[in-house]
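Numbers restart at 1 for each chain; the letters A, B, ... are given by sequence-line order, proteins then strands. What you see below is based on every heavy atom in this structure, not just the backbone, and it leaves out hydrogens, waters and symmetry mates.
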2 protein chains.
Amino acid sequence: MDQLEIFKALSNKTRLQILQWLKEPEKHFPVQEHASFDEVGVCVGQIQQKAGLTQSTVSEYLSILQKSGLLESTRLGQWTYYRRNEEAFAALSNIIKSEI
Amino acid sequence: MDQLEIFKALSNKTRLQILQWLKEPEKHFPVQEHASFDEVGVCVGQIQQKAGLTQSTVSEYLSILQKSGLLESTRLGQWTYYRRNEEAFAALSNIIKSEI
DNA sequence: AAGGTATATCGACTTTTCCCGATATACCTA
DNA sequence: TAGGTATATCGGGAAAAGTCGATATACCTT
């Protein structure tokens, strides 16, 4: 759990938004055909459309969030799905309460 | 409480260290003559020496941390003292737990 | 008022981050 | 295996952050 890496990942408006969207996918994204929000999350294309940035940028942002541990990814067929790693958020909350 | 500003303030190794030093000033800084750690915190010069960066850089870092709300400052004579705003850390911990 | 000390601000340069278009890779289907 | 679709990676230009030295400001002491 690299604190600095996590805070850098959180230091971007779009990335913060993505995290919030992924908290309640059914509220923020249209129904997905090939996979369930609960099990694997939301695919890159949906997130990209909603963010309104290019595919490459959003792909990179998701990768940054994943490397920090805040997101997890699942590849299913030609899609990559991202979902929140709630344990990481809980751990971060505790680190701020007790360590930082 | 501007989340983005807070995370940017936390996205620097030296600034993270400063926050930790200020958690237990008596452990990390020599005795101060003109003010108490508990009441007002630690003066800029002490923090600068410990950080090993220039005076201007450390002054700016402290200002960034203050603007984000994580630190508070008190001017006493020719010294400015900085101390942690523990309420801000508690609030941030809660935001991460429930909002982000 | 003058000189000394502590801090803040300014201007400049370097490094990192943002964000894009282009291209590569992976996988699926006919 | 050829073509289509989804995602990842690469290279680069623009913007922001890191960091410094120099200077300004504030305050204290004599």
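- To the nearest 0.5 Å, atom CZ of residue A:R15 and atom CZ of residue B:F7 are 12.0 Å apart.
- Both the sub-6.0 Å distance and the 45° axial angle are satisfied by B:R84 relative to the ring of B:F89.
- Residues from residues 25-32 of chain B that place a heavy atom under 4.0 Å from any atom of DNA chain D: there are none.
- Comparing C:dT5, C:dA8, D:dC20 by their nearest atom to the side chain of B:Y82 picks out C:dA8.
- Follow the hydrophobic side-chain contacts under 4.5 Å out from B:I6 and you reach B:I96 in the same cluster.
- Of the N and O atoms on the side chains of A:S56 and A:S59, not one donor lies less than 3.5 Å from an acceptor on the other residue.
- In this entry the distance linking CG of B:L53 with P of C:dT7 reads 16 Å, nearest Å.
- Residue B:T54 has its side chain nearest to D:dC20 when only C:dA6, C:dA8, D:dC20 are considered.
- Under a 3.5 Å cut-off, the side chain of B:S98 and the backbone N or O of B:N94 do form a donor-acceptor pair.
- Spacing between atom CG of A:L71 and atom C1' of D:dA8 amounts to 16 Å, rounded to whole angstrom units.
- Note: NZ (A:K13) to C1' (C:dC19) measures 14 Å, nearest angstrom.
- For B:T80, no side-chain nitrogen or oxygen approaches OP1 or OP2 of C:dA6 to under 4.0 Å.
- Atom CG of B:L4 and atom C1' of D:dA16 are 12 Å apart (whole Å).
- With A:F37 as the aromatic partner, A:R83 does not meet the cation-pi criteria of under 6.0 angstrom to the ring centre and within 45 degrees of the ring axis.
- Per the geometry, CD belonging to A:Q48 stands 16 Å off C1' belonging to C:dC18, to the nearest Å.
- If you measure from atom CD1 of A:I64 to atom P of D:dT9, you get 12 Å, rounded to the nearest angstrom.
- Here B:L62 lies out of heavy-atom contact (under 4.0 Å) with every strand.
- Rounded to an integer number of Å, the gap from B:Q66 CD to C:dA8 C1' is 12 Å.
- A:Y81 and A:V31 fall into different hydrophobic clusters, where Ile, Leu, Val, Met, Phe, Trp and Tyr side chains are chained together by heavy-atom contacts under 4.5 Å.
- Here C:dA6 presents its C1' atom at 7 Å from CZ of B:R75, a figure rounded to the nearest Å.
- Side chain of A:S93 to main chain of B:S93: a donor-acceptor pair is present (N/O by atom type, distance under 3.5 Å, no hydrogens or angles).
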- request: Let me see the working for A:K97 and B:K97 under side-chain contact (heavy atoms from CB on, under 4.5 Å), right down to the final yes or no.
  value: CA-CA 11 Å; A:K97 192 176 304 181; B:K97 192 175 306 181; 3.3 Å; yes

statement: 5' to 3', nucleotides 9-17 of chain C under a 4.0 Å protein heavy-atom cut-off (B base, S sugar-phosphate only, - none) gives B-------S

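- Considering only heavy atoms from C-beta on, A:L10 comes within 4.5 Å of A:L19 through its side chain.
- In this structure, the side chain of B:K50 does not engage the main chain of B:I18 through any donor-acceptor pair within 3.5 Å.
- Each end of the helix from C:dA1-D:dT30 to C:dA30-D:dT1 yields a helix axis from five base pairs, and these two axes differ in direction by 20° (to the nearest 10 degrees).
- The aromatic rings of A:H28 and A:W21 sit tilted relative to each other, their planes meeting at an angle between 30° and 60°.
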